[in-house]
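A quick write-up on the structure given underneath.
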Amino acid sequence: MYLYNTLTRKKEEFKPIEGMEARMYSCGPTVYGYAHIGNFRTYIFMDLLRRVLKYEGYKLNGVMNITDVGHLLSDGDTGEDKMQKSAREQKKSPYEIAGFYTAAFFQDMKKLNIDLPERIVKATDHIKEMIDYVSALEEKGYAYRTSDGVYFDIEKFGGYGKLSGAILGERIAGARVDVNDEKRNPADFALWKIAGKEHIMQWESPWGMGYPGWHIECSAMSLKYLGEYFDIHTGGVDHIPIHHENEIAQNEALTGKKSVNFWVHSEFLLVDGGKMSKSLKNNYTIADLEKRGYTAVEYRFFCLNAHYRKKLNFTFEGLESAKTALMRLKKNLAEHKASENAAPKETIEAYMKEFETAIIDDLNIPLALGVLFKMLKEKKSVDIYNAALTMDQIFGLGLGEAEAETDLPVSDGKASVPQSVIDLANERSLAKSNKNYVLADEIRKKIEAAGYKITDGKDGYSILPSCE
Ligand code: AMP
Ligand code: ZN
């Protein structure tokens, strides 16, 4: 299979370092708040990559970190610790904040059908490894102390900037004038920060009580679980110029050699054509989508329609189209399932071949989806249904569960109603009790669009499939 490697700026054939094992590190979330749909675009990409590797017969050895400490508000070394800030605002301890949002993250990952990497590792469980790493860098002469911490000396490290193509001079010129004038170079980054008394998460170290820099977390944990040299490292494109550049610097300074073969990055999700931000209130979470009547899987399907290296613009109209398309897809699939016709073996094989060619070409999932849609236009056949389920090993849309929402299994005269419709009905009740009749009406329309009719009675509502 071929993957675009940010390091070499070209598509390269993936060959594991050892046998058929794919060792892969994925930068995980900083758990100071709910992850937004942009973050999840990157984790859906990670999941697709893992599914394709698995489909191609590789044995996965994946690691993802949970950053539950030390990531400052800016990518430089200024600003408050994100965990500390969130804890202060919510009047909780940073540990409670991290625990709560880590659980929320996993719930959303599950809803999105994202298969978790084999190992999930928390930064706070690896402070010793980070201290050992920083000590080793110090011994090798790549780190120096200041009054507020220990910094990596990028000038000492010759290869800085190879991932983003930035040269040291530009990086230095572009760096903000830092408040810390003890740094030898404005672009030097913190390996360890000395903590003030007010800083709750802090640990003993050879440099005093403090906490690790963000970049050292990923270097220390990837080294521990995947070794000095592994196959793939993933993240979003925002990580290229600083976080991953710094990881490379740390890794190569420590071992004196290349640490990762493939650096693979997914492009950003935009919202209404722009950046997501708290102030614009458009940094939507999965719960926000659900509140508007969309499921996490519908969002996943929305993401699958764009290649991971292309920017993707999120709008609710786009999500609505994805929802409708997914519904039609499932309906069509149910008809194939119900058919007893056989499809010619060569037809199925030709579609499968086309599908596989797409997925191994740098994860061309939109093209692979096109193959699925084309295949579904064939004469109805259960063989087509089974081939679609094989393809769904990559898409992860739960197509095998299609009948629950489309066939409406009827027993004792009552149709079972999908949870997504029940959720909508409950939201509508809430809207009505808040006297928000406009919203209630909108939700009713969504329920109808999903093929159900809601009637209000003395004891609450009842839902029935609408007869077409
Ligand atoms: P963070 O928790 O900020 O480290 O982000 C978690 C992951 O989400 C990282 O891999 C980021 O690169 C990625 N990410 C952040 N914002 C977006 C976005 N708008 N679109 C896609 N990925 C994003
Ligand atoms: Zn990382």
Side-chain angles (χ1 to χ4, degrees), residues 6 24-49 62-75 79 81-83 85-86 97-98 101-102 104-105 108-109 112 114 117 120-123 126 130 133 163-164 189 212-223 225-226 230 232-251 259-260 263-278 280 282-286 299-300 302-303 306-314:
T6 309
M24 172 162 145
Y25 188 90
S26 303
C27 287
T30 308
V31 284
Y32 65 101
Y34 290 108
H36 57 58
I37 55 174
N39 301 134
F40 285 118
R41 181 186 189 199
T42 291
Y43 299 120
I44 290 169
F45 147 72
M46 170 196 82
D47 183 48
L48 292 170
L49 175 52
V63 176
M64 184 173 75
N65 63 295
I66 299 288
T67 296
D68 54 354
V69 59
H71 183 172
L72 301 178
L73 282 173
S74 77
D75 261 348
D81 179 322
K82 286 181 178 178
M83 299 292 308
K85 180 168 185 278
S86 181
I97 293 289
Y101 290 113
T102 303
F105 175 73
D108 286 345
M109 293 284 272
L112 287 159
I114 296 175
I120 306 286
V121 291
K122 286 201 303 187
H126 298 82
M130 295 176 210
Y133 203 121
L163 189 64
S164 54
F189 56 90
W214 172 36
H215 320 294
I216 201 72
E217 293 178 17
C218 291
S219 280
M221 293 190 282
S222 61
L223 175 70
Y225 296 107
L226 299 175
F230 56 94
I232 306 173
H233 196 311
T234 69
V237 286
D238 57 326
H239 284 346
I240 299 171
I242 298 179
H243 183 48
H244 289 169
E245 204 73 87
N246 293 354
E247 276 188 51
I248 291 178
Q250 293 166 155
N251 298 351
S259 57
V260 178
W263 287 88
V264 193
H265 295 97
S266 68
E267 250 300 348
F268 256 37
L269 180 83
L270 306 175
V271 172
D272 298 326
K275 229 185 139 178
M276 261 185 280
S277 81
K278 269 195 183 153
L280 291 173
N282 67 1
N283 54 344
Y284 302 117
T285 60
I286 296 299
Y299 175 65
R300 179 180 175 107
F302 171 83
C303 289
H307 190 262
Y308 78 92
R309 282 197 293 119
K310 293 251 160 61
K311 287 195 178 70
L312 172 59
N313 186 31
F314 176 86

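Worth knowing before you read on, the calculation uses all heavy atoms, side chains too, and leaves out hydrogens, waters and symmetry mates. Start at 1 and go down the list; that is how both ligands and their atoms are numbered.
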For ligand 1 and [X], I'd like to know whether there is a polar contact (N/O to N/O, distance under 3.5 Å).
| X | result |
| --- | --- |
| Met276 | no |
| Gly38 | yes |
| Trp214 | no |
| Gly236 | yes |

Close side-chain approach of [X] to [Y], heavy-atom, < 4.5 Å:
| X | Y | result |
| --- | --- | --- |
| Tyr25 | Met221 | yes |
| Tyr34 | Ile286 | no |
| Lys311 | Glu267 | yes |

Test side chain to side chain donor-acceptor pair (under 3.5 Å) applied to Tyr308 - qualifying residues, sequence neighbours left out: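 For Tyr308, the residues satisfying side chain to side chain donor-acceptor pair (under 3.5 Å) (neighbours in sequence not counted) are Asp362.
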If we count only N and O atoms by modelled type, under 3.5 Å, do the side chains of Asp68 and Tyr101 hold a donor and an acceptor together?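 Asp68 vs Tyr101: no donor-acceptor pair found between side chains.
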Looking at ligand 1, is there an atom of it that comes within less than 4.0 Å of some heavy atom belonging to Tyr43? yes
So for His36, does at least one of its heavy atoms come nearer than 4.0 angstrom to any atom of ligand 1?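 Checking ligand 1 against His36, which is what was asked, there is a heavy-atom contact under 4.0 Å.
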Grab the two heavy atoms, one from Gly236 and one from Thr42, that are nearest each other, plus how far apart they are. N-CG2, 3.8 Å
Here the pair of heavy atoms bringing Cys27 nearest to Cys218 is SG-SG, 3.9 Å
If hydrogens are left out, which of Thr42, Thr67, Ile240, Asp238 has an atom nearest to atom 11 (C) of ligand 1, that is, the closest non-hydrogen atom?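 Closest candidate by heavy-atom distance is Asp238.
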Pro29 neighbourhood, listing ligand 1 atoms whose heavy-atom distance to it stays under 4.0 Å: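 Once the distances to Pro29 are compared, the set is 2 (O).
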Does Tyr299 use its side chain to pair, donor to acceptor, with the backbone of Ile37 at less than 3.5 Å? yes
Carefully, step by step, assess His215 and Ile242 under the rule side chain to side chain contact (heavy atoms under 4.5 Å, CB included). CA-CA 9 Å; His215 320 294; Ile242 298 179; 4.0 Å; yes
His265 and ring pair (Phe, Tyr, Trp, His ring centres under 6.0 Å): which partner among His244, His239, His243? His244
Short of 2.8 Å from the Zn ion (ligand 2), name each protein N/O/S atom, waters not counted.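 Hits for the Zn ion (ligand 2) below 2.8 Å: Cys27 SG, Cys218 SG, His243 NE2.
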